Amino acid sequence: MTTELGPAVMEITGTEPVSSEDQARERYQRLAANGWATVGIPSHLGGSGGSMADAAAVVAAVAASGPGIPIGETAIIAGWLLAAAGLALPEAGCCAVPVLRPAEAALTGTGNGGLLTLRAPRVAWASWASHLIVPVPLDENRALVVTLENAHAVIRHGVNLAGESRDDVETAGVPVQAAATADMPFKDLLAGLHAAGALARSIQIAAALRRVTGMTARYCTQRSQFGRPLTAFQAVQQQLAELAAESAAADAAVTFALGRRDAFHGQVSAAVAKARTSQAAGAGARIAHQLHGAIGVTQEHPLPRYTRALWAWRDEYGSETSWSRLLAERAADADEPLWEWVTADE
Amino acid sequence: MSGLGIVLPGSLRAAVREFLAEQLSAGSFEPRCDSWLSGFSPQFSRALAARGWVAMTWPREYGGHERSELERLTVNEELLAAGAPVAAHWFADRQVGPGLLRHGTPGQRARFLPAIARGECFFAIGMSEPDTGSDLASVRTTATRADAGWRVTGTKLWTSHAHRSHYLLALVRTSHPAGAARHAGLSQLIIDLNAPGVHVRPVPFLDGEHHFNEVVLDDVPVSEDALLGREGEGWAQVTGELAHERSGPERFLSTFPLLAELARQQSHRGQPELGALLAELATLRQLSRQVAERLQAGEAPTAEAALVKDLGTRFENRVIDVTRRVAGIEPDPLSAEPLARLLADAVLHAPAFTLRGGTSEIMRGIVARAVLPR
């Protein structure tokens with residue numbers, strides 16, 4: 001099924017990046033109207049259903065058309081957070097985005113009558129969405145997940161390097177729309193959420209990098225210097241191969257993560273994916289710009305739409321360094337030789 | 001094992017580990033970096049063969065075990081991760097067997113394959129020559145027709161383990177077709193290394209170890225049935241096997257014993273640089289597995305294999321860099337400390353990682369051509 005989703009999504013997104021916020025919203029609306037924005041969220045929670053692999057295929061197809069659409073948040077990350085508490089999407093057709101790193105989150109009163117006080121920096125797409133999904137501490141063994149209309153929140157608009165909304169959010173005792181309990185400690189809920197975010201960004205990076213690799217190869221074929229196409233120069237071929245290798249490695253790291261069952265909770269799969277794709281994002285963008293030459297550093301060229309996204313996404317939800325540290329710590333905590341840890345769960 | 005005898009990779013992995021633990025405690029080997037090239041042990045290869053871990057994917061008819069490519073990959077990565085001495089059978093298992101199965105006559109298969117599968121018949125590969133490195137089509141070793149076959153004259157170089165192998169699978173020129181591509185007129189011949197006119201001379205590796213050789217072929221008589229496949233088709237036959245040669249775990253696990261030892265030491269645990277290596281290792285295992293699956297499906301994913309080799313051999317070198325930065329020790333070939341000893345091994349062997357089996361520059365050329373729009 002997965003392989004069939006990409007082309008269906010691309011019929012809506014096309015292959016060109018959006019050039020304005022209006023165009024982005026219009027594209028998102030069409031994705032949502034076809035059910036793609038919530039693929040991966042179970043249907044009993046108000047989503048479109050489908051597997052994690054389906055959600056990944058949709059997120060990849062959208063990312064291949066460029067940044068500017070909150071699909072990673074509305075499908076993969078929101079899907080994980082809602083499912084963790086069995087909480088449904090607030091309403092049909094809404095755009096609900098998760099808050100991943102609340103600096104402060106407290107609920108007074110109980111259940112659906114509760115009042116939320118929230119402070120969260122750089123929430124992706126908060127100013128774009130209609131609703132927020134927020135993790136809140138409850139007691140030692142449990143956490144809450146609540147939804148609220150973002151009209152209740154004070155939102156200070158910000159951006160990432162690709163111009164995507166990254167907004168500071170504050171509420172002071174505002175009514176939540178719904179609440180449900182997740183049977184795990186708050187810190188585990190945040191860790192799983194962070195991993196879901198990392199996997200979503202990894203999928204986006206791999207897809208964008210594949211696009212960048214194709215663009216760069218095409219440019220090197222078309223562009224001539226010294227009377228020969230760039231591809232005739234071995235120095236160019238070597239760089240192109242390195243770009244292709246980074247792209248293939250990013251794809252493989254994502255495939256690795258999606259093929260394992262511990263996707264979020266164990267964090268290890270997401271760590272492999274994000275550590276490798278974040279590294280590939282920087283290395284790939286550098287080569288793509290070098291091979292494009294000066295035309296690639298102009299605003300009108302499509303390349304920077306992708307490379308600015310790569311530079312933003314590689315640091316969102318954990319850089320290669322932070323996820324590498326987690327991998328090293330997990331391997332160190334495991335009481336077994338390294339190779340046994342590397343091959344565990346097979 | 002269940003009644004139907006299907007062993008899943010998980011239990012296969014456990015069986016290999018048990019075997020390796022027995023061998024280690026019996027002192028039959030000491031873990032080394034780059035053991036697939038320098039660890040030559042006929043006894044160890046025979047013990048592996050007795051367990052069915054040589055010739056794993058070949059038909060039973062020829063002494064094989066009809067396992068999947070994935071199962072073969074599982075066994076091989078276990079052996080390499082442990083730094084076990086697998087060089088004796090490695091090249092026959094990896095290249096010669098598949099070549100014989102694809103191109104050999106029934107007589108050739110019957111003669112060589114069961115002996116290889118038992119770990120009793122070892123092959124060296126004769127491709128490079130003094131003037132032929134990356135440019136393989138320039139081989140000059142020539143086979144000229146004689147009464148009952150050929151007479152072969154020329155020199156092969158960098159021929160690993162020719163001094164203790166039984167046969168040489170050599171790429172030779174059998175004709176110079178006028179006006180044809182340089183790749184035309186090449187053939188593969190199986191040459192008995194004990195035949196008259198074969199002179200094997202050591203070419204010590206930079207650390208003094210002897211695995212490389214110069215093989216001088218001086219009017220060596222070779223019978224008609226030594227031709228593998230079709231005369232003049234040597235180039236296509238050789239390049240068809242490259243995906244097998246370049247995508248296996250030996251292209252990224254040559255320094256794993258060093259990494260494992262680094263990770264074992266409490267004081268070096270938890271370093272982000274180690275984690276970055278683990279992410280790369282998981283990625284490489286995924287890539288290698290994807291190539292194995294395509295090989296299983298009968299495809300020849302040459303560019304994908306070249307990509308695994310380029311990324312994998314860079315990883316092997318990064319293990320050394322990270323060990324030096326994290327551990328801050330001196331490499332010491334005679335040290336009682338395994339880490340210092342393994343580091344010494346790895347550093348001295350490293351220059352060959354990105355040369356053998358096709359240089360990184362050649363690999364990138366192959367990858368680049370595959371990426372370009374048609």
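Every value quoted in this text rests on a predicted model; they were computed, and no experiment measured them.
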Show the nearest heavy-atom pair for residues A:Ala241 and B:Arg364, with the distance to one decimal.
CB-O, 3.1 Å

dist B:Leu311:CG -> A:Glu242:CD (nearest 0.5 Å) comes out at 8.5 Å

For a quick test of reading the model, state the closest non-hydrogen atom pair linking B:Leu287 to A:Ala249 and the distance between them.
CD1-CA, 4.4 Å

Residue pair B:Leu372 / A:Gln237, side-chain heavy-atom distance below 4.5 Å:
no

Output all residues satisfying ring pair (Phe, Tyr, Trp, His ring centres under 6.0 Å) with A:Trp339, sequence neighbours left out; order by chain, then residue number.
B:Phe256

Do B:Glu361 and A:Gln238 have side chains that approach each other closer than 4.5 Å (heavy atoms only, starting at C-beta)?
yes

When only pairs under 4.5 Å are counted, which of A:Ala275, A:Ser247, A:Ala248, A:Gly214 shares the most heavy-atom pairs with chain B?
A:Ala248

Just jot down the side-chain hydrogen bond (donor to acceptor under 3.5 Å, both in side chains) partners of A:Arg228, sequence neighbours excluded, or say none.
none

Under the ring pair (Phe, Tyr, Trp, His ring centres under 6.0 Å) test, which residues partner B:His244, sequence neighbours left out?
none

Supply the atom-to-atom distance B:Gln271 CD to A:Leu327 CG, rounded to the nearest 0.5 angstrom.
14.0 Å

Toward chain B, the part of A:Trp323 with a non-hydrogen atom under 4.5 Å:
neither

A:Leu338 side chain near B:Leu278 side chain, heavy-atom distance below 4.5 Å:
yes

Please flag which part of B:Leu80 lies under 4.5 Å from any non-hydrogen atom of chain A: side chain, backbone, both or neither.
neither

Decide yes or no for B:Gln286 and A:Arg276: does some side-chain heavy atom of the first lie under 4.5 Å from some side-chain heavy atom of the second?
no

For chain A, which residues of residues 16-26 of chain B have heavy atoms nearer than 4.5 angstrom
B:Arg17

For A:Ser324 and B:Pro272 the tightest heavy-atom approach is CB-O, 3.3 Å

